[in-house]
Number of protein chains: 2
Amino acid sequence: MTSQPEKHRITHIAEALQAHGHRLTEPRQALIEVLVGSEQHLDHAEILARAQQRIPQLGRATVYRTLELLTGLGLIHATYLGDGRQRFCVPSGGHHHHLICNHCGTVTDLDHCLLDDGLERFAQQHDFTVESHLVELYGICHDCQKAA
Amino acid sequence: MTSQPEKHRITHIAEALQAHGHRLTEPRQALIEVLVGSEQHLDHAEILARAQQRIPQLGRATVYRTLELLTGLGLIHATYLGDGRQRFCVPSGGHHHHLICNHCGTVTDLDHCLLDDGLERFAQQHDFTVESHLVELYGICHDCQKAA
DNA sequence: CTTGCTGCAAAATTTTTGCACGAAT
DNA sequence: ATTCGTGCAAAAATTTTGCAGCAAG
C-alpha cells in the first residue's frame with residue numbers, strides 16, 4: 001500500500017521519454033503509471049480501460065500511439081503469452097521471461113534470466129548488439145501435469 | 001530444384017495432424033507446404049496469398065482456422081519479429097531463434113539454440129515441462145553499427 | 001510562440017462467425 | 001453414412017488516419 005517505488009520508476013520512464021525529445025503529457029503519464037502499477041501483462045484494451053479510470057476521455061488512438069512510442073524507445077516491452085494477443089510490460093528488474101502453460105494458460109514470471117551469461121559473448125560473435133530480448137517457454141505446468 | 005526433403009516434412013506434419021484425429025484436406029496440405037517451403041517467416045496474408053496460387057478459391061477463414069489448429073498442436077510456431085505482426089514457421093531443426101535489428105528490421109535466423117543445456121535442468125527445478133520455446137534478440141546488427 | 005500531442009470520428013484492416021455444401025474417413 | 005472442414009459473405013473487432021484545438025516546453 002504505497003506508491004513510493006512506483007513513483008520512482010514513473011520518473012525513470014518519463015525522463016527517458018523527455019530525454020529523447022518527447023513531451024511528458026497527462027495521458028502519457030497515466031499510461032506509464034498503468035504499466036508500472038500492474039503486475040500483469042496487459043493488452044491494448046486493458047491498458048486503455050485502466051487509464052480511462054483516471055482520464056475518462058482518453059482515446060484509443062493515444063494508447064496505440066503511446067505504446068508504439070514507448071516500445072520503439074525500448075522503455076517497455078511487448079510479450080506474447082500464447083493467445084496471439086500482444087501485451088506490454090515494463091522491463092524493470094530485467095525479467096520479461098515467462099513460463100506459459102499450454103494447457104491452462106497460466107503465466108509464471110521468471111526473475112532469473114536464462115541467457116544473461118551466454119548473451120554478450122554470443123552477440124559479439126555475431127557482431128550484433130543486443131538491446132533487449134524475449135524468452136518465452138511454452139509447456140505444461142506443475143498443476144496440469146498432476147491433473148493429467 | 002527438388003522437393004524431396006520437403007515431401008518428407010509435409011508427411012510428418014500431416015501425419016501428426018491425422019494422429020490427433022484431424023482430417024488431412026487439400027487446403028491443409030497446401031498450407032503446410034507453403035509453410036515448409038518457405039525460408040521466410042510469413043504472416044497470415046502472405047500465407048494466404050501463396051496458398052491461393054495452388055488453390056485460388058481458398059478462403060481467409062481457412063487460413064486462420066488451420067494456423068490456429070497447427071499452432072495449438074505445436075506443429076508450427078508463432079514468432080514476433082518486431083513489427084507487431086504474428087508470423088509462423090515450421091520448427092524444423094529446432095531453430096526458431098532470431099536476431100532482429102531495431103534499426104533496419106533485418107532478421108537473422110540462428111541455427112544454434114542459446115538455451116538447450118540450461119533448459120531441461122531449469123524446467124525441472126520449476127516442475128515445468130517445456131514443449132517449445134521462443135527466443136528473440138532485438139538490437140543493432142552489424143551493418144547498422146557501421147552505418148551509425 | 002511553436003510544435004507536438006490529443007480526442008474524436010471515420011476509414012481501413014484484420015479476425016471471427018454462421019451456414020449450407022462437399023469431402024475425408 | 002457421418003462428421004468434419006470449407007468457402008463465402010457478413011459481422012465484429014481491431015488498428016490506423018486526418019484534423020482542429022489544446023498544451024508542454
Side-chain angles (χ1 to χ4, degrees), chain A residues 10-11 13-34 41-73 75-76 78 80-88, chain B residues 10-11 13-35 41-73 75-76 78-88:
Chain A
I10 289 171
T11 306
I13 294 182
E15 284 180 353
L17 201 58
Q18 293 179 303
H20 281 275
H22 299 284
R23 290 182 180 172
L24 183 53
T25 64
E26 182 67 9
R28 286 175 180 175
Q29 293 250 35
L31 288 172
I32 292 170
E33 283 177 33
V34 166
H41 298 88
L42 311 172
D43 65 14
H44 282 108
E46 294 166 333
I47 291 169
L48 172 65
R50 296 199 183 195
Q52 283 185 329
Q53 292 181 344
R54 309 192 189 198
I55 307 177
Q57 76 278 17
L58 185 136
R60 292 171 278 291
T62 298
V63 175
Y64 283 99
R65 290 186 282 226
T66 302
L67 252 20
E68 185 184 16
L69 175 63
L70 295 176
T71 301
L73 293 174
L75 299 176
I76 63 174
Y80 307 90
L81 273 27
D83 63 351
R85 193 172 288 285
Q86 187 177 45
R87 292 165 184 283
F88 299 88
Chain B
I10 290 172
T11 306
I13 294 181
E15 282 180 354
L17 200 59
Q18 292 179 304
H20 282 274
H22 298 285
R23 293 179 180 173
L24 182 54
T25 63
E26 182 67 11
R28 286 175 180 176
Q29 292 250 35
L31 288 172
I32 292 170
E33 283 177 33
V34 166
L35 288 165
H41 298 87
L42 311 172
D43 64 14
H44 282 107
E46 294 166 332
I47 291 168
L48 173 64
R50 295 199 184 196
Q52 283 185 328
Q53 293 182 342
R54 309 190 190 201
I55 306 176
Q57 77 279 17
L58 185 138
R60 294 170 277 289
T62 298
V63 174
Y64 282 100
R65 290 185 280 225
T66 303
L67 252 19
E68 184 183 18
L69 175 64
L70 294 176
T71 302
L73 292 174
L75 299 177
I76 63 174
T79 61
Y80 307 90
L81 274 26
D83 61 352
R85 192 173 289 284
Q86 189 177 43
R87 293 166 184 282
F88 299 88

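Because only heavy atoms are used, hydrogens play no part in the values below, and waters and symmetry mates are left out as well, while side chains stay in. First the proteins, then the strands, lettered A, B, ... as listed; each starts at 1.
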Measuring from [X]:[atom1] to [Y]:[atom2], what's the distance to the nearest 0.5 Å?
X: Leu31(B); Y: Glu26(B); atom1: CG; atom2: CD; result: 10.0 Å
X: Ile13(A); Y: Ile76(A); atom1: CD1; atom2: CD1; result: 7.5 Å
X: Gln86(A); Y: Leu67(A); atom1: CD; atom2: CG; result: 7.5 Å
X: Thr62(A); Y: Leu48(A); atom1: OG1; atom2: CG; result: 9.5 Å
X: His41(B); Y: Ile47(B); atom1: NE2; atom2: CD1; result: 11.0 Å

Can you tell me if the side-chain N/O atoms of [X] get under 4.0 Å from OP1 or OP2 in [N]?
X: Tyr64(B); N: dT16(C); answer: no
X: His44(A); N: dT15(D); answer: yes
X: Arg28(A); N: dC5(C); answer: yes

Worksheet item: So with a 6.0 Å cut-off around CD of Glu68(A), is the heavy-atom count from everything else above 12?
Response: no
With sugar-phosphate taken as primed atoms, P, OP1 and OP2 and all else as base, the protein-contact string of nucleotides 18-25 of chain C at under 4.0 Å (heavy atoms; B, S, -) is B----BBS
query = Looking at side-chain heavy atoms only, is the closest gap between Arg28(A) and His22(A) below 4.5 Å?
reply = yes
Regarding the side chain of Leu58(A), the nearest nucleotide among dG7(C), dT14(C), dG7(D) is dG7(C)
Axis-to-axis angle across the helix from dC1(C)-dG25(D) to dT25(C)-dA1(D), five pairs each end, nearest 10 degrees, ~ 60°
By nearest-nucleotide position on DNA chain D, the 5'-leaning member of Arg60(B) and Pro27(B) is Pro27(B)
Does Arg87(B) reach the main-chain N or O of Tyr80(B) with its side chain, forming a donor-acceptor pair under 3.5 Å? no
